[in-house]
Amino acid sequence: MKKVIINEKQKGFLFKNGKYVRTVGAGKYLLWGGKTVEVSELGGEIVCAGCPLDVLLEDEAFASQVTVAEVNDEELVLHFVNGRFAGVLRTRGKHAFWNGKDAHEFRSVDVSSPEVGEDVPRYLFESLHPSLYERIEVAEYQRGRLFLDNRFVRVLEPGTYYFWRTGVKVEVNTVDTRLTKMEITGQEIMTQDKVALRINFVCNYRVTDFVRVLTEIDNYEEQMHVAAQLALRDYVGRYRLDEILENKDGLSRFVCEKLKEKENELFVEIKDAGVKDIILPGEIRDIMNTVLLAEKKAQANVITRREEVASTRSLLNTAKLMEENRTLYKLKELEYVEHICENVGNITLNGSGDMLSQLLGLMRGGKQTEEGDFDV
């Protein structure tokens, strides 16, 4: 004889000689004659090691005490207890839960396609195990290309997306929709007069067709790079070094127009393009620096001579005016007297006559004293 106690939070399955007899509630039981009891907790899913669930459900008394959910192929069942999410049923077949004081609710979810439907609340994924789903983020400045089993499905707008982990391969690659810069650095090209230049070029562009740029072109960025290189070689090879340096804007316009001709083919929009740097060989750079220095010196000499001529012409005009006008001559004398007085401490005048005449006499024939004063 064996004693078994079942508490209020448990149920028991009574077996006799390994055969299910009935379900028993809380209490103390004395077992003999091949009888056994398997205890089941009320809170979780009903699991009975002694017999399958289908056998238990044949007992009307047991069936009236439980709620049953069935999981079919390519399906998940969301389990809610008293309106709260409790978990996911994944194993195909029937699942039973004790009724008790709890209300059980089940929602079937089709997972034949990995895309999560709108009927599945997104907050549930915070509670689901990561092995059930895949989360993908598409930033505000991006667009996502969705592929299922390597087949393009659609373009994903910015946002957060969830996909069920099934037998279908899910792949999302993103494209930057912002204005993008492409640089061609150190491109060495020979001019018409056999000078090897190194050119740095920059181009700003934006992708216009996110799908075809991937499905119809092998590496569109490399295609743009090659197109810009060919355009640079085409232009530089036609002109001499001096012509290229004098018309860098022409080089930029030519390459930009060539790239714009490729817009529809490459599925991009060229916003602008231009030459960033033109790097000369060392010897050519030294020669050009010498030429530039000589040109600047010549320009400086021309300016100096021009100013000297202008100054001499001004003096000549002043002399002619003073010769023709005695009053102007006197005013000029007074101007010089003023300048002299600014630099002389004291001037002593003796005798008669007006002061101006005596000052002019000092300028013409007076002697300077040791103290820096003038005396007659």
Side-chain angles (χ1 to χ4, degrees), residues 136-147 152 154-159 172-282 284-289 291-292 295-296:
I136 294 176
E137 300 278 353
V138 180
E140 180 64 31
Y141 57 86
Q142 293 177 328
R143 296 294 183 274
R145 294 174 295 215
L146 174 62
F147 292 84
F152 174 76
R154 61 190 175 93
V155 174
L156 302 180
E157 296 296 320
V172 176
N173 49 58
T174 57
V175 182
D176 198 322
T177 62
R178 296 173 295 183
L179 195 64
T180 306
K181 179 174 68 174
M182 178 189 70
E183 290 192 5
I184 301 174
T185 58
Q187 187 66 36
E188 190 165 324
I189 307 173
M190 190 78 71
T191 66
Q192 188 184 57
D193 50 354
K194 309 305 179 186
V195 177
L197 300 179
R198 283 194 297 123
I199 298 178
N200 295 332
F201 193 83
V202 63
C203 172
N204 294 316
Y205 69 94
R206 180 181 284 112
V207 177
T208 55
D209 193 321
F210 310 115
V211 178
R212 299 177 69 187
V213 76
L214 174 69
T215 59
E216 298 185 18
I217 301 177
D218 180 18
N219 196 338
Y220 73 93
E221 293 177 332
E222 183 63 25
Q223 298 275 8
M224 287 181 57
H225 197 278
V226 171
Q229 284 180 318
L230 294 176
L232 284 171
R233 292 182 181 278
D234 186 17
Y235 184 91
V236 173
R238 298 179 185 180
Y239 298 95
R240 302 172 64 85
L241 173 61
D242 292 341
E243 296 171 329
I244 294 172
L245 295 178
E246 291 174 0
N247 192 22
K248 288 195 295 184
D249 291 341
L251 172 57
S252 299
R253 286 194 300 271
F254 178 83
V255 179
C256 186
E257 290 172 1
K258 287 292 185 180
L259 290 176
K260 282 184 174 293
E261 293 175 1
K262 297 279 187 177
E263 283 183 333
N264 294 333
E265 180 181 340
L266 299 176
F267 309 109
V268 296
E269 177 189 6
I270 305 298
K271 300 298 291 184
D272 55 65
V275 175
K276 188 176 181 181
D277 300 300
I278 296 180
I279 304 172
L280 304 175
I284 299 297
R285 188 166 55 248
D286 293 341
I287 293 173
M288 295 196 68
N289 288 337
V291 172
L292 179 61
E295 289 179 351
K296 295 303 179 183

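Because only heavy atoms are used, hydrogens play no part in the values below, and waters and symmetry mates are left out as well, while side chains stay in.
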Check: [Y] main-chain N/O paired with [X] side-chain donor or acceptor under 3.5 Å:
{"X": "T177", "Y": "Y141", "value": "yes"}
{"X": "R240", "Y": "T191", "value": "no"}
{"X": "T180", "Y": "R178", "value": "yes"}
{"X": "D193", "Y": "L241", "value": "yes"}
{"X": "N200", "Y": "G186", "value": "yes"}

So which heavy atom on [X] is nearest to which on [Y], and how close?
{"X": "I270", "Y": "M224", "value": "CD1-CE, 3.8 Å"}
{"X": "R206", "Y": "K271", "value": "NH1-CD, 4.1 Å"}
{"X": "A228", "Y": "I184", "value": "CB-CD1, 3.1 Å"}
{"X": "M190", "Y": "V236", "value": "O-CG1, 3.9 Å"}
{"X": "F210", "Y": "V213", "value": "O-CG1, 3.5 Å"}

* Are there more than 12 heavy atoms of other residues, nucleotides or ligands under 6.0 Å from atom CZ of R198? -> no
* For D218, does the CG atom have more than 12 heavy-atom neighbours from other residues, nucleotides or ligands under 6.0 Å away? -> no
Look up atom [atom1] in [X] and atom [atom2] in [Y], then write down how far apart they are to the nearest 0.5 Å.
{"X": "I189", "Y": "D234", "atom1": "CD1", "atom2": "CG", "value": "10.0 Å"}
{"X": "L280", "Y": "L197", "atom1": "CG", "atom2": "CG", "value": "6.0 Å"}
{"X": "E269", "Y": "N204", "atom1": "CD", "atom2": "CG", "value": "11.0 Å"}
{"X": "I278", "Y": "F201", "atom1": "CD1", "atom2": "CZ", "value": "10.5 Å"}
{"X": "E222", "Y": "H225", "atom1": "CD", "atom2": "NE2", "value": "6.5 Å"}

Does any non-hydrogen side-chain atom of [Y] lie less than 4.5 Å from one of [X]?
{"X": "Q192", "Y": "R238", "result": "no"}
{"X": "R143", "Y": "P158", "result": "yes"}
{"X": "D242", "Y": "Y239", "result": "no"}
{"X": "Y205", "Y": "E221", "result": "yes"}
{"X": "I199", "Y": "D277", "result": "no"}
{"X": "E183", "Y": "K276", "result": "yes"}

What pairs of donor and acceptor atoms, side-chain ones from residues 244-259 against any protein atom, are under 3.5 angstrom apart with sequence neighbours left out?
| unit_1 | atom_1 | unit_2 | atom_2 | d |
| --- | --- | --- | --- | --- |
| N247 | OD1 | G250 | N | 3.1 |
| S252 | OG | K248 | O | 3.3 |
| S252 | OG | V275 | N | 3.0 |

* Residues which pass side chain to side chain contact (heavy atoms under 4.5 Å, CB included) with N173, listed by chain and number, not counting sequence neighbours -> R145, F147, E171, L214
* Among V211, V175, D209, whose side chain to side chain contact (heavy atoms under 4.5 Å, CB included) with V155 holds? -> V211
